[in-house]
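First the structure, in the form of structure tokens, and then the observations on it.
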Amino acid sequence: MLRQQDLGHRIVVRRIVGIREGRPLFADALGELVELSETHITLATDRGRLRVPVEQVHRAKRVPAARRPTAAAVVALELAADEAWPAPVRGRLGDWLLRSAAGWTGRANTALPIGDPDRPLPAALDAVQRWYAERGQPAMVNTPLPLAAPVGAELDARGWTARPPVLVQTAPVAMLPPGRPDLPPVGLSPTPSAEWLAVAAGRKGGLPDAARHVLTAVDRIRFAQLHVDGQLLAVGRGTVTGEGRWLGLTLIEVLPEARRRGFAGAVIRALADWGRAEGATKAFLQVEQRNAPAVALYQRLGFTTHHTYLTRVAPA
């Protein structure tokens with residue numbers, strides 16, 4: 001049967017749809033798992049959302065994606081994401097990227113092994129470890145899958161651990177739902193307010209100088225804020241990168257007391273409207289696979305999983 005870790009992935013559900021001559025009749029449904037509860041399985045199919053009571057489920061399992069993105073598509077999206085979350089200290093190892101931001105967030109402090117490192121793989125990983133050791137940081141590598149599977153196999157052999165899987169999800173900007181008139185308006189600014197930064201600091205555990213670079217050093221950027229009765233309740237950050245094609249959505253955050261009121265969706269829609277006006281045609285975001293509420297929200301808004309990545313950490 002399915003688990004919460006399967007949210008955002010393609011599944012097939014065989015369900016009982018009737019009885020004929022004392023025997024059950026079955027029908028299969030194929031789509032992406034949107035919600036998994038004790039009573040229902042909800043999946044997004046080509047014909048819309050399907051909610052299946054658990055007592056009608058005969059069998060359900062995860063299946064491979066209908067079509068894997070090409071290596072070129074994964075590389076292009078990873079580079080757009082790197083541009084949208086720019087580490088202040090950067091280096092290169094052939095085509096590989098080396099990134100450091102004083103330890104603030106995993107993405108900005110990892111090597112990105114895409115392309116040719118201009119040396120054998122074992123030597124490349126040795127060089128990665130030296131580069132981070134020189135900066136007093138643990139060596140970490142982001143491995144987009146399945147593109148960087150050979151790198152992952154070498155890291156397995158070296159005893160590197162893995163953080164929880166991250167889903168890189170995408171959606172056509174034009175397909176994201178329009179704003180809802182019943183929700184408060186969302187303000188957009190090219191610079192973050194002190195209130196916005198305070199929310200980000202609370203989520204990420206402080207904001208060193210390197211963090212401010214990561215957050216603001218993008219040419220086309222907007223910071224979203226949603227207020228109710230003068231109180232800031234939700235924030236978000238949008239960037240347009242990848243030669244103007246990709247709208248990146250990061251730091252979508254709703255204060256705990258204001259959740260489940262549609263505010264995260266409102267922030268995303270406002271940033272999508274801005275991105276569309278800037279010429280972006282596709283949106284992307286990154287979410288931990290185990291974050292079931294966020295995965296379900298993004299699925300409802302039309303996001304699907306493009307690829308996944310693992311952050312690998314060198315042994316201490």
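When a residue number appears, it is its place in the shown sequence, counting from 1.
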Open item on the list: Set out, in order, the CA-CA distance, both residues' side-chain angles and the distance that settles ring-ring contact (aromatic ring centres under 6.0 Å, His included) for His306 and Phe284, then state yes or no.
Closed with: CA-CA 9 Å; His306 185 271; Phe284 76 89; 9.7 Å; no

In this structure, are over 12 heavy atoms from other groups packed under 6.0 Å from [X] atom [atom1]?
X	atom1	result
Asp182	CG	yes
Glu288	CD	yes
Arg203	CZ	yes
Asp209	CG	no
Lys282	NZ	no

Give the minimum heavy-atom separation between [X] and [Y], together with the two atoms involved.
X	Y	result
Ala108	Val214	CB-CG2, 4.1 Å
Gly302	Ala171	O-CB, 3.6 Å
Arg163	Gly106	NH1-CA, 4.1 Å
Thr39	Glu55	O-OE1, 4.4 Å
Val254	Ala234	CG2-CB, 3.9 Å
Leu247	Gly238	CD1-CA, 4.4 Å

Taking C-beta and beyond as the side chain, do [X] and [Y] meet within less than 4.5 Å on heavy atoms?
X	Y	value
Leu233	His227	no
Val52	Thr42	no
Asn109	Gln137	yes
Trp96	Leu112	no
Arg220	Thr241	no
Val141	Pro113	yes
Val173	Arg245	no
Ser189	Trp196	no

Has [X] got a side-chain atom pairing as donor or acceptor with [Y]'s backbone, closer than 3.5 angstrom?
X	Y	value
Trp160	Gly152	no
Arg276	Gly279	no
Asp95	Gly115	no
Tyr132	Leu98	no
Arg222	Trp274	no

Examine [X] and [Y] and state if one hydrophobic cluster contains both, with Ile, Leu, Val, Met, Phe, Trp and Tyr joined whenever side-chain heavy atoms are less than 4.5 Å apart.
X	Y	answer
Leu297	Val287	yes
Leu251	Leu232	yes
Met175	Leu301	no
Ile114	Val168	no
Leu125	Trp131	yes

Task: CA sep, side-chain torsions, deciding dist, call: Glu253, Arg259, salt bridge (Lys or Arg N to Asp or Glu O under 4.0 Å) - done: CA-CA 9 Å; Glu253 180 75 6; Arg259 290 173 182 165; 3.4 Å; yes

TODO: For Val89 and Arg135, run side chain to side chain contact (heavy atoms under 4.5 Å, CB included): C-alpha distance rounded to whole Å, both residues' side-chain angles, the deciding distance at 0.1 Å, then the answer.
DONE: CA-CA 10 Å; Val89 179; Arg135 287 154 183 80; 3.8 Å; yes

TODO: Answer yes if the side chains of Gln225 and Ser193 hold a donor-acceptor pair under 3.5 Å, and no otherwise.
DONE: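 Checked: Gln225/Ser193 side chains pair up, N/O donor to acceptor below 3.5 Å.
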
Open item on the list: Would Thr161 and Val313 count as a side chain to side chain contact (heavy atoms under 4.5 Å, CB included) here? Give the steps.
Closed with: CA-CA 5 Å; Thr161 57; Val313 182; 3.7 Å; yes

Using the side chain to side chain contact (heavy atoms under 4.5 Å, CB included) rule, pick out the option among [options] that qualifies with [X].
X	options	answer
Phe263	Val235, Val228, Leu255	Val228
Arg10	Leu33, Val63, Thr305	Val63
Ile221	Leu188, Val240, Thr239, Thr191	Thr239
Asn142	Arg99, Arg312, Glu78	Arg99

[atom1]/[X] to [atom2]/[Y] distance, rounded to the nearest 0.5 angstrom?
X	Y	atom1	atom2	result
Arg51	Gln56	CZ	CD	11.5 Å
Leu271	Leu249	CG	CG	6.0 Å
Asp28	His58	CG	NE2	9.5 Å
Ile11	Leu2	CD1	CG	5.0 Å
Thr110	Tyr309	OG1	OH	7.5 Å
Arg119	Asp126	CZ	CG	10.0 Å

Task: Audit row: Gln169, Gln299, side chain to side chain contact (heavy atoms under 4.5 Å, CB included) steps and yes/no - done: CA-CA 9 Å; Gln169 298 200 311; Gln299 289 290 314; 3.1 Å; yes

- [ ] Test salt bridge (Lys or Arg N to Asp or Glu O under 4.0 Å) on Glu154 and Arg158 and set out the steps.
- [x] CA-CA 6 Å; Glu154 177 67 20; Arg158 293 175 176 229; 3.0 Å; yes

Open item on the list: Once you measure the plane-to-plane angle for Phe303 and Tyr298, does it fall in the parallel (<30°), tilted (30-60°) or perpendicular (>60°) bin?
Closed with: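 The rings of Phe303 and Tyr298 stand perpendicular, inter-plane angle above 60°.
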
- [ ] Give the C-alpha distance, both sets of side-chain angles, the deciding distance and a yes or no for side chain to side chain contact (heavy atoms under 4.5 Å, CB included) between Leu167 and Val295.
- [x] CA-CA 9 Å; Leu167 308 178; Val295 171; 4.1 Å; yes

